[in-house]
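The structure appears right after this line, and notes come after that.
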Amino acid sequence: MNMDSIVSLCKRRGFLFQSSEIYGGLQGFWDYGPLGVELKRNVKEAWWSDMVNGHDDMNTLSGAPSPYAMEGLDCTIIMHPQVWKCSGHYDLFHDHMVDCRETKKRYRYDQINGRWVEAKGRKIFVTAPAGDEEQAHLTKQALKFFNLRNKHIDDLKWEGSVVCLTDLENFDEVLGPDAKSLGSLTEPREFNLMFKTFVGALSGEEGTAFLRPETAQGIFVNFKNVLDSTRHRLPLGIAQVGKSFRNEITPRNFTFRSREFEQMEIEFFCHPDQSQDWYRYWRDRRLNWYHKLGISGDNLIMREHHQGELAHYSIGTADIEYAFPFMSEGEYGELEGVSHRGDFDLRSHMEGKLDEKSADLALQLDADGNPKWKGSGKDLSYRDDLTNEKYIPHVIEPSAGADRATLAFICEAYTEDEQPDEKGKMKTRTVMKFHPRLAPIKAAIFPLVKKDGMPEVAKEVYLDLKKHFKVFYDEKGAVGRRYRRQDEAGTPYCITVDGQTLEDQTVTIRDRDSLDQTRIKIDECESVIRDRIGQ
RNA sequence: GCGGGUGUAGCUCAGUGGCUAGAGCAUCACGUUGCCAACGUGAAUGUCGAGGGUUCGAAUCCCUUCACCCGCUCCA
């Protein structure tokens, strides 16, 4: 299967268009067409209904430690700037990068370490990416630069300890991590990963605000409000669907990495002692959700992050990943991350930005010993009124990308198979095998031919079904062609009014995947479709 | 951000300095129709990605720019 034919079908049939296409397009921005918007809405509605509105809060679900409540929330895209300072996004998303002119590689400025070394009467600063192997890398680079063999390793005279590149002012004597010549690293340059805007008429620094780079923070800052207004006890999940914005350096791969995208996030608040069990519950529950909506086991994997990959505060993170066709064999792209965030987020908004690098997650201080970014000072801890225990809840965060999920469902649905034409000759058929719940159009209604009163009856059936489902009427061209058109749109059922309909009030219903046709009464159409799409 | 490639009708693509820019598919109309991309006739559709330049003449050559694809880089 090839991504180009999927992209081409998306454009042709109205799933996805490039944003501002008539002006040449805009990198990293995409529009959903008539079919795409229905598909994406169905994805979001399936998520909301399965996770929030349809959630059974009376019983203990399979794999869960106890019953739990779910609530929804819809926060603003622009929030108080302090939110991003305390969450860590402000510092993190203002990355400084250095480029190597020689190797064309780019490094994060604060993640390059190095050390002064002298040999053959020359002193240089060798560098390596920060990590366990850095001294080995430094030695290798130094030997190579001075053209020394391993047995002359003692000729290298190291000076001082390993320091970060950020401690250096001049890069003239710096050897890049993969370079052969000195001074190939550029000055650090800033990459703004958060979109900046201005609140109020004045565009001064004091009015600066940011478009949210994730929806999660809106939930954390409203945690207390939701708790107080709903009278729930923990465990409690709060869900939100909404747009987020990241000024990605390299948007790539169709809608996979967009600069404006939609997230479906849950922040699940629970007692620290139970958090491990809840983490496992959510990880498995979320993987299952994709399975049930038709993504096959082979294309979907769960990848647990290994220790070195985990943020300091996280006890576990698992990515649910899909084998997108634009990735190479054996590679997967992230659909959703499920992470155990401990009390990091709530504490950050209480106390201020925490230092992720410190073992005990201490408050990050500035040069004067004051908090670098001050928190709200509000108490976001929870008191259990049954046990009278007071604690800061731990958080499990299943964070899914609505656009990525939609794209995965599109890729998974895309199928080319062989079906006989009217003469029995095998022809290639393109069909989008969406799960009926996700299909943009649930059923199409056709008169077999455009005469003998068939269109009139078909239109009645159409208008009647339209009250319940997204349906489509088509009378143009041969019926075979109309079936194929619906196959490309992913419509699971086609209802055809034929000669027999006029005699006994029955129609045929044709299944997209099997091509089987069964005859049902007109009155049964609604219930049969409802039954088959599982609503 | 770097290197390579591409950009012509809704889609897939042909057209390498010269007449009014083409094909297949798709679309629409009329006729025909009797269950899986039928057929006939006809119609509509393009600032040749955008801007500038060279030339008597540019889709074609040059410059700039935008977008997409591949490889680096990045990816809370």
Side-chain angles (χ1 to χ4, degrees), chain A residues 2-5 7-14 17-30 33 84 87-95 97-108 111 178 186 189 191 193-194 212-214 216-217 244 246-254 256-259 263 311 314 317 319 326 328 333-334 337 339 341 356 397 399 419-431 446-452 454 475-488 494 496-500 507-508 510-512 515-517 519:
Chain A
N2 130 18
M3 197 61 203
D4 290 346
S5 29
V7 173
S8 148
L9 180 135
C10 285
K11 167 91 195 286
R12 185 158 36 92
R13 297 311 308 255
F17 307 126
Q18 212 185 344
S19 167
S20 323
E21 196 191 65
I22 62 167
Y23 286 105
L26 189 59
Q27 208 183 9
F29 297 92
W30 298 90
W84 309 112
S87 72
H89 288 90
Y90 180 83
D91 290 344
L92 190 71
F93 277 23
H94 280 70
D95 280 349
M97 312 288 293
V98 291
D99 289 316
C100 179
R101 297 186 190 94
E102 181 191 317
T103 63
K104 307 295 180 201
K105 291 196 176 191
R106 169 174 295 161
Y107 310 94
R108 242 172 78 179
Q111 286 190 354
D178 303 288
T186 62
R189 283 178 286 190
F191 286 80
L193 294 178
M194 281 199 291
R212 65 181 175 199
E214 62 169 35
Q217 298 304 323
S244 292
R246 288 182 201 175
N247 205 353
E248 299 285 353
I249 298 168
T250 313
R252 209 41 95 76
N253 291 331
F254 207 25
F256 182 75
R257 178 162 294 129
S258 302
R259 287 178 163 142
Q263 292 183 298
S314 183
T317 296
D319 284 347
F326 48 75
S328 34
E334 182 185 339
S339 50
R341 299 183 59 84
E356 292 183 36
E397 176 188 83
S399 166
Q419 297 296 348
D421 67 7
E422 57 168 352
K423 297 184 187 84
K425 231 168 76 182
M426 297 310 275
K427 286 271 179 68
T428 302
R429 171 179 83 136
T430 302
V431 51
F446 309 145
L448 183 60
V449 287
K450 201 165 52 175
K451 62 176 189 187
D452 297 344
M454 292 182 205
E475 59 178 27
K476 296 189 187 90
V479 74
R481 172 179 302 210
R482 283 177 264 155
Y483 285 142
R484 294 300 164 88
R485 272 200 281 249
Q486 291 309 310
D487 288 341
E488 273 201 347
C494 292
T496 305
V497 169
D498 57 14
Q500 198 177 326
V507 291
T508 61
R510 175 251 197 196
D511 182 89
R512 177 193 66 201
L515 276 68
D516 288 343
Q517 282 182 296
R519 191 160 275 281

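Each chain gets a letter, A, B and so on, in the order the sequences are listed, and its residues count up from 1. The model shown is predicted, which means the values in this text are computed figures rather than measured ones.
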R13(A) side chain to R485(A) main-chain N or O, any donor-acceptor pair under 3.5 Å?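 At least one qualifying donor-acceptor pair exists.
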Look only at the side chain of D498(A) and the backbone of Q500(A), and say whether a donor-acceptor pair between them is shorter than 3.5 Å.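 Pair found, side chain donor or acceptor close to backbone of Q500(A).
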Polar pair under 3.5 Å, donor/acceptor by atom type, side chain R510(A), base rC35(B):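 Such a pair does not exist between side chain and base.
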What about D487(A): does its side chain form a donor-acceptor pair under 3.5 Å with the base of rC36(B)?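 Answer no: no donor N or O sits under 3.5 Å from an acceptor.
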Counterpart residues, salt bridge (charged side-chain N to carboxylate O under 4.0 Å, His left out), relative to R429(A) (two or more places apart):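 Salt bridge (charged side-chain N to carboxylate O under 4.0 Å, His left out) check on R429(A) returns D417(A), D487(A).
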Partners of [X] by side chain to side chain contact (heavy atoms under 4.5 Å, CB included), sequence neighbours excluded?
X: S8(A); result: R12(A)
X: K451(A); result: V449(A)
X: Q27(A); result: P251(A), R259(A)

Identify whether any heavy atom of [X] sits under 4.0 Å from a base atom; if not, whether one sits that close to sugar-phosphate; answer base, sugar-phosphate or nothing.
X: F254(A); result: sugar-phosphate
X: G28(A); result: sugar-phosphate
X: T496(A); result: base
X: D4(A); result: nothing

Rounded to whole angstrom units, what separation is found between the [atom1] atom of [X] and the [atom2] atom of [N]?
X: L448(A); N: rG34(B); atom1: CG; atom2: C1'; result: 5 Å
X: E488(A); N: rC36(B); atom1: CD; atom2: P; result: 19 Å
X: R484(A); N: rA38(B); atom1: CZ; atom2: C1'; result: 12 Å
X: R259(A); N: rC74(B); atom1: CZ; atom2: P; result: 17 Å

For [N], take OP1 and OP2 only and decide whether either is under 4.0 Å from a side-chain N or O of [X].
X: K11(A); N: rG10(B); result: no
X: N253(A); N: rC70(B); result: yes
X: Q27(A); N: rC68(B); result: yes

Distance check, [atom1] atoms only: [N] and [M], in whole angstrom units.
N: rG15(B); M: rU60(B); atom1: P; answer: 15 Å
N: rA14(B); M: rG49(B); atom1: P; answer: 13 Å
N: rG18(B); M: rU32(B); atom1: C1'; answer: 46 Å
N: rA43(B); M: rG5(B); atom1: C1'; answer: 38 Å
N: rC61(B); M: rA38(B); atom1: P; answer: 40 Å
N: rA29(B); M: rU65(B); atom1: C1'; answer: 43 Å
N: rG24(B); M: rA9(B); atom1: P; answer: 16 Å

Under 3.5 Å on both distances, the Watson-Crick or G-U partner of [N]:
N: rG31(B); answer: rC39(B)
N: rC13(B); answer: rG22(B)
N: rG7(B); answer: rC66(B)
N: rC48(B); answer: none
N: rU54(B); answer: none

Between the protein and nucleotides 25-28 of chain B, are there any N/O to N/O pairs under 3.5 Å, and if so, what are the atom names and distances?
from    : atom 1 : to      : atom 2 : distance (Å)
rU27(B) : OP1    : R485(A) : NH1    : 2.2
rU27(B) : OP2    : R481(A) : NH1    : 2.9

Restricting to ring-ring contact (aromatic ring centres under 6.0 Å, His included), what partner residues turn up for F326(A), sequence neighbours left out?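 By the ring-ring contact (aromatic ring centres under 6.0 Å, His included) rule, F326(A) matches F256(A), F324(A).
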Can you tell which of rA67(B), rC36(B), rG34(B) lies closest to the side chain of Q517(A)?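 For the Q517(A) side chain, the nearest candidate turns out to be rC36(B).
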